[in-house]
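Please read the structure below before turning to the comments.
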Amino acid sequence: MPVAEHVDAVVVGSGFGASVSAYRLAEAGRSVVLLERGRAYPPGSFARNPYEMSRAFWEPKDEMLGLFDVRSFRKLEGIVSAGLGGGSLIYANVLLRKDERWFVHDSPLPGGGYEHWPIGRDDLDRHYDAVESMMTPSPNPYTDLPKARALRDAAEAMGLQAFSPPLAVSFSSRPGAPAIPKQVVDEPSYGNLHGATRLTCRLCGECDIGCNEGSKNTLDHNYLSAAAAHGADLRTLCEVYGVTPLDGGGYEVRYVRYGEPDASGRHERTHLRITCDQLFLGAGTFGTTALLLRNRVGLPALGRALGTRFSGNGDLLTFCFGAQSTTEAGHTRMIDPAYGPVITTAIRKPDGLDEEGQGRGYYVQEAGFPEFTSWLVETAQVTASMRRAASVVSQIVAHRLTNKNESTISAEVAKLVGQGRLTSSSLPLLGMGRDTPDGRITLVDGEIDVEWTTATSKAYFDAMRETMQGLTDALGGKFRDNPLWWTKRVVTVHPLGGAPMGRAPQEGVVDSWGQSFGHPGLFVVDGSAVPGPVGPNPSLTIAAMADRAIEHVLEKPRPIRRRAAEPEPPAIVEAPVEPTSGRGMEFTEKMKGHVALGETDPLAGWELGRQLAHRFMFQLTITAPDVERFAAGEDHTAIAEGYVDCDLLGGTLPVQRGWANLFVPADAALTREMRYRLWFSDMSGQPLTMYGFKTVRNDRGFDMWTDTSTLYITLMRGHVAPGENGAQDAPADVIGAGILRILPLDFARQLTTFRGSGSGALGSIARFGAFFAGSMKDVYLRPGPPAPGSVPAAASSPALKEPS
């Protein structure tokens with residue numbers, strides 16, 4: 001990997017928190033590199049036809065580097081984006097401030113969960129102002145839009161008040177000018193990084209699939225363009241996977257840069273690294289939390305709040321179908337949801353914090369969809385479409401059979417198209433608010449998993465659905481849930497939490513300024529730092545929190561990093577290669593157990609790891625290329641190859657190099673040890689060593705099975721070289737510990753894996769069997785005075801006991 005470059009600040013991601021951070025830092029004269037995993041999307045580059053849309057999804061392992069990143073978890077679906085501008089590329093433009101009373105303090109939540117905001121509205125108001133001055137939001141000026149009128153009418157019928165929220169959309173060519181569609185938008189003083197002309201909103205409803213007119217005030221058109229103008233280096237198709245603190249301060253960031261696809265469609269991947277004095281994580285709730293979880297080894301002080309306080313911001317989607325006209329009985333109401341910005345109107349339901357007796361507050365907003373979606377929905381009605389087609393064909397055939405001159409068939413074709421009643425009279429309803437932030441994000445098989453349920457927010461969702469049902473009834477329509485709701489699942493486009501701010505490490509991952517507890521200079525500036533649901537659309541609050549955090553950073557003295565020398569890799573002195581006897585042997589061994597990071601004693605690590613369900617296992621093929629040399633040598637060294645599997649470290653990880661020293665003499669009398677040393681790396685690329693030993697000694701009682709099936713392990717940072725006979729005799733940075741065992745069924749399978757190689761394969765197995773039996777005999781059948789109850793300790797642990 002090339003030598004790292006160095007800058008003052010690295011910003012990961014380009015969403016609301018990351019873009020604000022990059023701009024404020026660059027404006028202050030800091031050298032800034034922003035790393036965004038997705039590509040840039042200038043106006044006109046967003047997918048529209050089926051071919052383009054099929055390639056507009058993010059799945060790098062399948063060579064897809066598109067805009068939409070769709071996640072599916074056990075009780076939740078999530079939709080986020082990958083592109084320069086982050087979530088602003090696909091959000092619905094709404095910039096609302098968090099309600100003043102909804103900054104909850106010390107609030108235990110029914111059904112579990114805990115929400116405490118260490119900041120309040122007073123802390124954010126002037127930062128809200130700053131973001132709004134950059135994003136220039138304004139209410140929808142087209143107040144006569146049918147869908148806007150529909151929601152206002154329905155709200156009035158229910159005694160609710162509707163309002164037009166501020167939208168980050170350019171309706172006019174410049175502030176104060178009249179709203180006219182498809183006018184050229186004036187370019188700001190800092191220019192535009194795309195160098196492409198932007199046009200004012202043409203009311204096409206395509207906001208949340210990417211605005212091809214450039215009408216949306218997305219972050220690439222303001223904050224990121226301004227950051228670039230101040231010298232920030234914006235790098236796209238760069239996905240960060242590794243973070244390591246540096247001696248003397250600062251961080252090394254490791255990332256992969258995706259190149260253009262080759263003829264087979266595969267993108268070239270170049271691994272790079274960069275160092276910085278300060279690191280700002282803004283990759284979104286899923287991205288930042290996953291990055292921190294995968295780098296827990298390199299960032300040991302993150303604490304156990306990592307992954308907690310997840311919330312979907314109370315997102316819920318329902319539908320009103322077949323709204324009825326209030327002026328013409330029996331006629332559908334023209335709502336035309338595809339006409340206008342996606343969201344134009346909102347209703348706010350108060351919280352119990354606002355009015356005594358109320359539940360948890362929420363917002364309901366009307367939604368639209370792109371114009372072309374209407375065609376898809378209408379033509380998807382197969383039965384009606386076939387019936388219309390049959391009618392048209394029969395009329396044309398009838399004209400021909402009767403020789404009737406009817407060359408004009410426009411009316412028949414119009415019937416074939418249909419009246420579009422389904423889509424023109426439909427209205428999607430979006431809800432969001434204060435659900436219970438009791439979800440947890442974990443790693444499973446190297447990928448994030450979200451443990452969350454609607455059960456603890458049942459009263460909240462029931463109240464919101466009741467309001468949506470009432471709005472639908474007021475429009476004379478039919479209420480329909482999102483089909484996923486039938487399985488008690490929701491779709492969120494506002495995932496929050498995972499690295500929440502708190503007052504102390506026991507409560508949060510970062511402090512109220514977004515700085516990590518225990519890792520100075522590491523900041524979280526996106527939605528993962530939010531300690532609970534925002535309530536309204538969270539984008540503005542995330543941006544304001546980042547603006548506040550960077551202002552605090554800039555008020556402090558600039559960090560001075562003392563550069564340390566690059567660590568030298570451990571030197572392994574290889575024994576000279578000698579001719580072998582031509583007889584080898586191998587077998588496969590699988591061991592499972594629990595570990596905990598931050599522990600140095602295997603027993604303590606096993607007990608804590610079992611409570612936290614932090615599993616660890618390995619499957620190794622133990623090979624002795626020359627059985628005679630293996631048995632005759634003092635160190636009895638075999639080669640260990642295979643993998644370890646630990647969600648805590650990133651899933652299944654290949655062993656890069658491994659040693660197994662079987663039945664080597666230990667310090668205590670009449671004691672042998674089986675020693676295992678495995679070199680591997682976690683998902684972030686952090687090199688690790690697992691050292692383990694089995695103590696074989698004739699204690700009181702029948703303990704042969706326990707001795708040979710129990711492995712006490714420690715995890716160490718770096719690739720630590722073995723000592724004499726494979727022992728751990730050098731100082732090492734122990735980062736975790738635990739205990740593994742062979743289960744009886746796995747042992748039975750292990751007996752079937754013995755294989756001999758070379759000349760005399762059966763003889764090599766017999767030779768190993770004789771060695772094993774002789775070693776066991778020397779320990780368990782030789783008389784001696786064993787020390788009752790004592791077990792040799794690991795390098796850094798007290799006496800160990802057998803786990804139950």
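Predicted model, so just to flag it, every value in this text is computed and none were measured.
Side-chain contact between F680 and M690: present, with at least one pair of heavy atoms (C-beta onward) separated by less than 4.5 Å. Between R548 and W513 there is a side-chain heavy-atom pair separated by less than 4.5 Å. Looking at heavy atoms from C-beta onward, Y91 lies out of side-chain contact with V493 at the 4.5 angstrom threshold. Two residues are said to be in side-chain contact when any heavy atoms from C-beta on lie closer than 4.5 Å; L430 and D315 fail this criterion. Taking the side chain as every heavy atom from C-beta outward, L234 and L224 approach each other to under 4.5 Å. When side chains are defined from C-beta on, M545 does not count as touching V525, because their heavy atoms never get closer than 4.5 Å. For the pair D129 and R97, the minimum side-chain heavy-atom distance is below 4.5 Å. When side chains are defined from C-beta on, L34 counts as touching E36, because their heavy atoms get closer than 4.5 Å.
Within 6.0 Å of atom CZ in R615, 12 or fewer heavy atoms from other residues, nucleotides or ligands are found, so the atom counts as exposed in its surroundings. Sparse packing is recorded around CD of E100, with 12 or fewer heavy atoms of other residues, nucleotides or ligands lying under 6.0 Å away. The number of heavy atoms from other shown groups lying within 6.0 Å of CZ (R304) does not exceed 12.
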Yes or no on salt bridge (Lys or Arg N to Asp or Glu O under 4.0 Å) for R348 and D99, after CA distance, side-chain angles and deciding distance? CA-CA 10 Å; R348 177 185 181 275; D99 299 75; 2.6 Å; yes
Side chain to side chain contact (heavy atoms under 4.5 Å, CB included) for R558 and Q278? Distances and angles first, verdict last. CA-CA 10 Å; R558 295 181 63 160; Q278 293 176 313; over 6 Å; no
Determine whether T541 and V530 satisfy the following criterion, side chain to side chain contact (heavy atoms under 4.5 Å, CB included), listing intermediate values before the conclusion. CA-CA 9 Å; T541 296; V530 174; 5.7 Å; no
Please evaluate residues V94 and Q365 with respect to the criterion side chain to side chain contact (heavy atoms under 4.5 Å, CB included), reporting the C-alpha separation (whole Å), side-chain torsions for both, the decisive distance (0.1 Å), and the verdict. CA-CA 10 Å; V94 178; Q365 300 165 352; 4.2 Å; yes
Does the side chain to side chain contact (heavy atoms under 4.5 Å, CB included) test come out yes or no for R235 and Y255, once each step is laid out? CA-CA 11 Å; R235 303 179 185 178; Y255 65 99; 3.0 Å; yes
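No donor-acceptor pair closer than 3.5 Å links the side chain of S311 to the backbone N or O of P437. Checked by atom type and distance alone, the side chain of T288 never pairs as donor or acceptor with a backbone atom of T285 at under 3.5 Å. Under the 3.5 Å distance criterion, the side-chain polar atoms of D526 are matched with a main-chain donor or acceptor of G284. D351 places no side-chain N or O within 3.5 Å of a backbone atom of D354 that could act as its donor or acceptor partner. Listed for the T308 side chain is no donor-acceptor partner under 3.5 Å among the backbone atoms of R440. Using a distance-only test at 3.5 Å, with no hydrogens or angles considered, no donor-acceptor pair links the side chain of R24 to the main chain of I550. Listed for the N295 side chain is no donor-acceptor partner under 3.5 Å among the backbone atoms of L299. Using a distance-only test at 3.5 Å, with no hydrogens or angles considered, no donor-acceptor pair links the side chain of D125 to the main chain of D122. Here the side chain of S457 pairs no donor or acceptor atom with the backbone of T454 at under 3.5 angstrom. The backbone N or O of G718 sits less than 3.5 Å from a side-chain atom of T689, completing a donor-acceptor pair.
Here the closest non-hydrogen pair linking P533 and G433 is CB-O, 3.4 Å. Contact between T456 and D438 at its shortest, heavy atoms only, is OG1-OD2, 2.8 Å. F616 and L715 get closest at one heavy-atom pair: CE1-CD2, 4.0 Å. P538 approaches N313 most closely through the heavy-atom pair CD-ND2, 3.8 Å. Taking every heavy atom of both residues into account, R254 and V243 meet most closely at NH2-N, 3.8 Å. Taking both residues in full, the closest heavy atoms of L443 and D647 are given as O-CB, 3.0 Å, listed atom of the first, atom of the second, then distance.
Ion pairing between a basic and an acidic side chain is recognised when a charged N comes within 4.0 Å of a carboxylate O; R37 and D69 show such pairing. Using a cutoff of 4.0 Å between basic side-chain nitrogens and carboxylate oxygens, K349 and E355 are not scored as salt-bridged. Ionic pairing of R434 and E115 is present here: one or more N-O contacts between side-chain nitrogen and carboxylate oxygen are shorter than 4.0 angstrom. The pair D733-R717 meets the salt-bridge criterion, with a side-chain N (NZ, NE, NH1 or NH2) lying under 4.0 Å from an Asp/Glu carboxylate O.
The CG atom of L597 lies 7.0 Å from the SG atom of C646; values are rounded to the nearest 0.5 Å. Between the CD atom in Q686 and the CD atom in E252 there is a gap of 9.0 Å [rounded to 0.5 Å]. Distance check, rounded to the nearest 0.5 Å: OG1 of T289 to CZ of R309 gives 12.5 Å. In this structure, CG on L302 lies 5.0 Å from OG on S516, to the nearest 0.5 angstrom. Atoms CZ and CD, on F523 and Q515 in that order, are 3.5 Å from each other to the nearest 0.5 Å. Rounding to the nearest 0.5 angstrom, the gap separating the NE2 atom in H719 from the CG atom in L678 is 10.0 Å.
Figure legend: K98 and W117 shown as a cation-pi pair, the cationic atom lying under 6.0 angstrom from the six-membered ring centre and within 45 degrees of its axis.
Note: F73 and F286 meet the aromatic proximity criterion, with ring centroids under 6.0 Å apart. Residues Y223 and F16 place their aromatic rings such that the two centres sit no closer than 6.0 Å.
Using a 3.5 Å distance cut-off with no hydrogens or angles, the side chains of T442 and D449 do not pair a donor with an acceptor. Side chain to side chain, S14 and S19 fail the donor-acceptor criterion of an N or O pair below 3.5 Å. Side-chain atoms of S72 and E77 include a donor-acceptor pair closer than 3.5 Å. D277 and H6 are linked by a side-chain donor-acceptor pair at a separation below 3.5 angstrom, with hydrogens and angles left out of the test. If you check the side chains of R296 and S684, you find no donor sitting under 3.5 Å from an acceptor.
Relative ring orientation between F310 and W452 is described as perpendicular, the plane-to-plane angle rising above 60° on a 0-90° scale split at 30° and 60°. Classified by interplanar angle (parallel below 30°, tilted 30° to 60°, perpendicular above 60°), the ring pair W102/Y363 is perpendicular. By the 30° and 60° cut-offs, the orientation of the rings of H105 relative to H116 is perpendicular.
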